[in-house]
Every structure is written in C-alpha cells, then in structure tokens.
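Notes for the one structure printed next.
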Amino acid sequence: MAMRKFLLRRVLQGIIVIWGVVTILFGLRAVSPGDPATLMLGEGASRELVERVREEEGLNEPIYVQYLEYIQGLLTGNLGYSWQSNRQVSAMVIERIPATIELAVAATIVAIVIAIPLGVVSATRRNEPSDYGATLFSLLGISTPNFWLGLMLILVFAVWFGIPYPTVNTSVLALGIVRIPYPTYLGYDFLGFPTGRRAVGFHDAVLAIFLERSFSEMGTWLRHIALPAITLGTYFTALITRLTRSGMIDELGKPYVTATKAKGLPGVLIRYKHVLRNTMIPIITVLGLQMGTLMGGAVITETVFNWPGLGLRLIDALNTRDWPLMQGIIIFIAIAFVVINIIVDALYSTLDPRVSDE
C-alpha cells in the first residue's frame, strides 16, 4: 500500500511538472516577437491571406482561449501543425523518436559497460596506477564538452585519416588540414567509423538477423552509432565511474564486509555480490536522471553528427522559428524525463523499501 501511494504521489508530481513545462512554453510563444501567421506564410504573403490564416488558426482569440484550446488539443494527442511543413507535429516527433532513443540507450550502455568495472577496479586498488588512470579519465570526461569531443572525433576519424565523410556536418570540413592514410589490417579499415547519418535503424537491423540471417545491417548500425554514442556517453561514463568508486570505498569500510571476509568468502564475490549491490542504489538514481538528460543533451551530439533524431529536428525548428514543432519536441522530452524518473523511483523503492515508507 505504501508503495502504491508513493508511486501515485510521484505520478501526480510528474503531471504537475509537465503542465508547468507546457504553460511556460505557451507563455514564451505568446510573448515572442513576430506574427505566427506571417511566419507560416512568409514575408511576401498578402495582408488578406494573413488575416484569413489568423482567423482560421484562432490567433485572433484572447490568449486564455488559445491556451485552453492548446491544452485540450494536447489531452487528445493533437500537438498542432508545423508552421513550415504543414505536417502534424505528432507525426514529425514520432518518426524521430527511434533514432534519439537508440542514441541515448547506446550511450548509456557504453557508460555502464565501461564505468562500473572501472569504478570497482579503482576502488579496490586505491593509490595504484589503475586508480590514478581511472581518476584522470573521469576528470577529463566530466570536463570535456560534448560538442568539442564530437568535433575532435570527426577531425581524427574523418579528416586526418581521410575516411569518407559524405554526410558529416560540413562546417567541420574547414578543419581538414592534414590527411593521414588510415591503417588497414587484412584489408579491413578498422578505423572506418562513419562520422554522420544513420544508415539503418536498430529495428531493421534486428529484423534482418531474424528474417534474412544477415548481420551486415547490424554491423552498419553499430559503425554509424559508435562515435555519436561515445561522444554522448563520455560525460556519463566519467560520472558513473566516480560514483561507483566513492560508493565502493564507503561500503568496503563497513563491518559487514569485514565479517564476510572473516567467513572466507572470495574477494570477487564480496565485491560484486555484496558491496556492488549496495552501491547500485545511488547509481540507479543517477542512471535514470541522466537518461532523461541524455534525451535533451542529444541535441548537440545529433547536430554535430547529423544524427536524424529529435535534437536535430529541434535545431531545425529553432532556426525556422517553428513554434508548434519546438513545443512538441520539448514536451516529449519533458514527458520522457518524468516517466524515466518514475521508473527510477519504483526501482529505488524496490531496492530500498524505506524510501516508499518515508
């Protein structure tokens, strides 16, 4: 019962957060300069046509009427129409969601696979070279901006090594001063990571494995997502490494660890079954929070790598002042953030029931 009340409270808080985001976005749209009808039709549109569109879109109504109509549309799943393409915003958002989720999940997997073992090794071998290396890595990862790291990866893999980059953001090509023939091994260019675009989706790659018994599309997907996932996941990896290290050090000093050692349990079993389990509670919380952050933070990474997700579409909407599309994307990110946090709270309270009792 306590768990149910806890989750219900979290859901209600999440609804209030989403309502706040929607209201702030609508307010910003209302006070932003420029006439929406003119933005939709272009500067060359006649006054009669502009007035007709204002009437059809309800832009002549009082602001509170427009707000209530917008809220009513959201409750029925209607996010409106893009001012630039005249397509349904919901359709434009939905078609970009898979690419962004793939990138966020891939970045999270990169972080978990690297950070947790690194943090464990760093904590159990304090003041040794491996600890110093992990600490240096985490400091660099936290301090390095995503966009800079992405540009450097493109510079190395696409420009210096001369790997084909037909779809990379053309603004980085000015960096190409020196080209180095990239190495090959048995005829395979193991540095041949594409630095832009998403040639095939994860869903299609999985289907090709089951239906055609072909792994080539999965290989293509992995090669395309490798550099964006590393770029997006580096900060996350550094953060989880530091959390794992500090959590493990705290736990290793507790009496129950001494007791398990006295019983003769192997060190690996103590570290990974008992100590790491207790360390995972704050890590899971950060994982959930960072998953939401990754959805928003993907904006920069997607722009650098021309990754066709929500972030790249949001930048396009900002450049063209397409308010309905901007609102739709930001509202989706807010909903994703809230849902992920509720899932994290549920996991957190499952691992530690005292949380729901409080």
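Here the structure is a predicted model, which is why all the values come from computation and not from measurement.
The backbone N or O of Leu312 sits less than 3.5 Å from a side-chain atom of Glu302, completing a donor-acceptor pair. The backbone N or O of Val200 lies less than 3.5 Å from no partner atom in the side chain of Asp204, so there is not a single donor-acceptor pair. A donor-acceptor distance shorter than 3.5 angstrom exists from the side chain of Glu102 to the backbone of Phe202, with no hydrogens or angles considered. Side-chain atoms of Arg96 come within 3.5 Å of backbone atoms of Gly309 as a donor-acceptor pair (strictly under, hydrogens ignored). Looking at Gln84, its side chain never comes within 3.5 Å of a backbone N or O of Asp322 through a donor-acceptor pair. A donor-acceptor pair under 3.5 Å is absent between the side-chain atoms of Ser143 and the main chain of Leu140, judged by distance alone. A donor-acceptor pair is defined here as one N or O able to donate and one able to accept, closer than 3.5 Å; such a pair exists between the side chain of Asn319 and the backbone of Ile315.
Val206 and Val105 fall within the same hydrophobic cluster, defined by Ile, Leu, Val, Met, Phe, Trp and Tyr side-chain heavy atoms under 4.5 Å apart, directly or through other members. Cluster annotation: Ile114 is not connected to Leu232 through the hydrophobic network of ILVMFWY side chains, with a link wherever side-chain heavy atoms come within less than 4.5 Å. Leu75 and Ile335 fall within the same hydrophobic cluster, defined by Ile, Leu, Val, Met, Phe, Trp and Tyr side-chain heavy atoms under 4.5 Å apart, directly or through other members. Leu139 is not connected to Leu239 by any chain of hydrophobic side-chain contacts under 4.5 Å among Ile, Leu, Val, Met, Phe, Trp and Tyr, and they are in different clusters. Note: the hydrophobic cluster containing Ile16 does not contain Phe337 (ILVMFWY, side chain heavy atoms under 4.5 Å, direct or indirect links).
At a threshold of 4.5 Å between non-hydrogen side-chain atoms, the residues Gln66 and Phe26 count as touching. Taking the side chain as every heavy atom from C-beta outward, Leu252 and Thr124 approach each other to under 4.5 Å. Residues Ile142 and Arg242 are in side-chain contact: their nearest non-hydrogen atoms beyond the backbone lie under 4.5 Å apart. Under the 4.5 Å side-chain criterion, counting only non-hydrogen atoms from C-beta, Leu325 is not in contact with Trp83. Contact of the Gln13 side chain with the Arg9 side chain is registered, since non-hydrogen atoms from C-beta on lie closer than 4.5 Å. Under the 4.5 Å side-chain criterion, counting only non-hydrogen atoms from C-beta, Leu79 is not in contact with Gln88. A 4.5 Å side-chain heavy-atom check between Leu103 and Trp307 finds at least one atom pair inside the cut-off. Contact annotation: the side chain of Tyr70 approaches that of Gln327 to within less than 4.5 Å [non-hydrogen atoms, C-beta and beyond].
From Met248, atom CE reaches atom CD1 of Ile283 across 9.0 Å, with rounding to the nearest 0.5 Å. Rounded to the nearest 0.5 Å, atoms CD1 (Ile97) and CZ (Phe332) are 3.5 Å apart. Expressed to the nearest 0.5 Å, how far OG1 of Thr244 lies from CG of Leu118 amounts to 9.0 Å. Arg29 contributes atom CZ, which lies 9.5 Å from atom CE of Met326 (distance to the nearest 0.5 angstrom). Here Ile270 contributes atom CD1 and Thr260 contributes atom OG1; the two are 4.0 Å apart, rounded to the nearest 0.5 Å. Taken to the nearest 0.5 Å, the CD1 atom of Ile209 stands 8.0 Å off from the OG atom of Ser214.
Side-chain contact annotation: Thr231 with Asn146, donor-acceptor N/O pair under 3.5 Å absent. The closest side-chain donor-acceptor pair between Ser122 and Tyr132, if any, does not fall under 3.5 angstrom. At a cut-off of 3.5 Å, with distance as the only test, no side-chain donor of Thr234 or Thr237 sits close to an acceptor on the other residue.
For Tyr81, the OH atom sits in a loose shell: 12 or fewer heavy atoms of surrounding residues, nucleotides or ligands are nearer than 6.0 Å. Within a 6.0 Å radius of CZ in Arg87, other residues, nucleotides and ligands contribute more than 12 heavy atoms.
Results of the side chain to side chain contact (heavy atoms under 4.5 Å, CB included) test with Val93 over Leu314, Ile329, Ile333, Ile331 single out Ile329 as the only residue that passes.
Between Glu95 and Arg313, at least one side-chain N (NZ, or NE/NH1/NH2) sits under 4.0 Å from a carboxylate O, which counts as a salt bridge.
Here the closest heavy-atom approach between residue Ala205 and residue Trp221 is recorded as CB-CB, 4.4 Å. For the pair Val21 and Ile330, the tightest heavy-atom approach, listed with the atom from each and the gap, is CG1-CG2, 4.4 Å. Of all the heavy atoms in Ile240 and Ile116, the pair that sits closest is CG2-CG1, 4.2 Å. In terms of heavy atoms, Leu310 sits closest to Thr100 at N-OG1, 2.6 Å. The heavy-atom pair separating Arg245 from Ala123 by the smallest distance is O-CB, 3.7 Å. Taking all atoms of both residues into account, the shortest heavy-atom contact from Leu276 to Val120 is CD1-CG2, 4.1 Å.
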task: Decide side chain to side chain donor-acceptor pair (under 3.5 Å) for Ser82 and Ser85; before the verdict, give the C-alpha distance in whole Å, the side-chain angles of both, and the deciding distance to 0.1 Å.
output: CA-CA 6 Å; Ser82 165; Ser85 64; 3.2 Å; yes

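A search for side chain to side chain contact (heavy atoms under 4.5 Å, CB included) contacts involving Ser246 returns nothing, not counting sequence neighbours.
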